[in-house]
Amino acid sequence: MECIFCKIIDGEIPAVKVLDEDLVLAFMDINPSSQGHLLVVPKQHTENIFEISEGDLAAVTSAVRRCAKAAKEALEAEGVTILQLNGRASDQIVPHLHIHVIPRWENDGLPVSAWEMKPGDMEEIKEIARKVQECLS
Ligand code: AMP
Ligand code: ZN
């Protein structure tokens, strides 16, 4: 098995764990973008949001909220960014679903949520919404 996060889950390689439950593991990111940057993963190998089971997703989501609260309190953070990438086009590197929990502080300058805010074309926005709604039904 080549998946690095499965190796962490199986104890084959070390990680700094903060939460270990039946369905979920949370551990510190080794390339932290801020102090307290951690990752929450399902123990069942799942590549992305499209594949994860509803049960694992619920367990991961619950753990993310608890980890975010704990990291915020432990580090006296002013905010927390939650980030999850799907596919190479979205910059996902490790193909085992993981949710980044990134403590934030005012003016910390992290680029993780800093896209340029410029008004879109409302006609185009509505047309795209219509297409998405069609796929939802
Ligand atoms: P991405 O797939 O782009 O969401 O990013 C993968 C994340 O996993 C990066 O933030 C890495 O620093 C992190 N990472 C990769 N290998 C390890 C590891 N062995 N232990 C902890 N974090 C890791
Ligand atoms: Zn895996």
Side-chain angles (χ1 to χ4, degrees):
M1 190 212 315
E2 290 306 315
C3 174
I4 192 159
F5 289 173
C6 281
K7 286 183 175 163
I8 288 175
I9 290 158
D10 292 344
E12 286 174 40
I13 61 169
V16 182
K17 298 175 187 173
V18 292
L19 183 74
D20 191 347
E21 298 183 333
D22 284 353
L23 301 178
V24 179
L25 187 70
F27 53 92
M28 305 308 290
D29 195 303
I30 48 167
N31 304 294
S33 60
S34 78
Q35 273 193 337
H37 181 169
L38 61 90
L39 303 172
V40 181
V41 305
K43 285 190 173 172
Q44 172 75 45
H45 179 86
T46 310
E47 193 161 326
N48 54 43
I49 195 77
F50 311 116
E51 291 179 3
I52 191 169
S53 70
E54 292 285 342
D56 279 353
L57 182 59
V60 166
T61 306
S62 161
V64 164
R65 180 157 75 159
R66 285 177 281 131
C67 287
K69 280 183 178 174
K72 185 170 183 292
E73 183 181 339
L75 292 153
E76 296 182 13
E78 293 166 330
V80 179
T81 295
I82 310 289
L83 186 68
Q84 193 267 319
L85 310 173
N86 297 283
R88 283 298 306 132
S90 80
D91 297 327
Q92 182 179 13
I93 296 167
V94 177
H96 180 130
L97 185 143
H98 51 282
I99 301 191
H100 296 261
V101 175
I102 305 173
R104 302 292 302 274
W105 288 265
E106 291 289 338
N107 303 316
D108 62 18
L110 283 189
V112 287
S113 51
W115 63 84
E116 189 189 352
M117 289 277 195
K118 59 175 188 207
D121 174 338
M122 279 318 294
E123 286 313 308
E124 187 186 28
I125 289 170
K126 286 179 192 165
E127 176 60 14
I128 292 168
R130 196 189 57 73
K131 286 184 184 169
V132 173
Q133 271 181 325
E134 253 176 41
C135 292
L136 277 169
S137 57

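The first residue of the sequence shown is numbered 1, and numbering continues consecutively from there. The basis for the numbers below is simple: all heavy atoms, side chains too, and nothing from hydrogens, waters or symmetry mates. Start at 1 and go down the list; that is how both ligands and their atoms are numbered.
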S62 meets the side chain to side chain donor-acceptor pair (under 3.5 Å) criterion, sequence neighbours left out, with R66
Residue shell for ligand 1, any heavy atom closer than 4.0 Å, reads I4, F5, I8, F27, M28, D29, I30, N31, L39, L85, D91, Q92, I93, V94, H98, H100
Residues pairing under ring-ring contact (aromatic ring centres under 6.0 Å, His included) where one sits in residues 38-93, two or more places apart or in two chains, turn out to be H45-H96
- prompt: Can you check whether E21's main-chain N or O pairs, donor with acceptor, with K43's side chain at less than 3.5 Å?
  reply: yes
Polar side-chain atom of Q84 near backbone of I99 as donor-acceptor pair, under 3.5 Å: no
request  = Establish whether L39 and V112 are linked, either directly or via other cluster members, by ILVMFWY side-chain heavy-atom contacts under 4.5 Å.
outcome  = no
Here the N/O/S atom of H96 closest to the Zn ion (ligand 2) would be ND1
Which atom of H45 is nearest the Zn ion (ligand 2), counting N, O or S only? It is ND1
- Task: Name the orientation class of the two ring planes belonging to F5 and H98 (parallel below 30°, tilted from 30 to 60°, perpendicular beyond 60°).
- Result: perpendicular
Sequence neighbours excluded, the answer for salt bridge (charged side-chain N to carboxylate O under 4.0 Å, His left out) partners of R130 is E127, E134
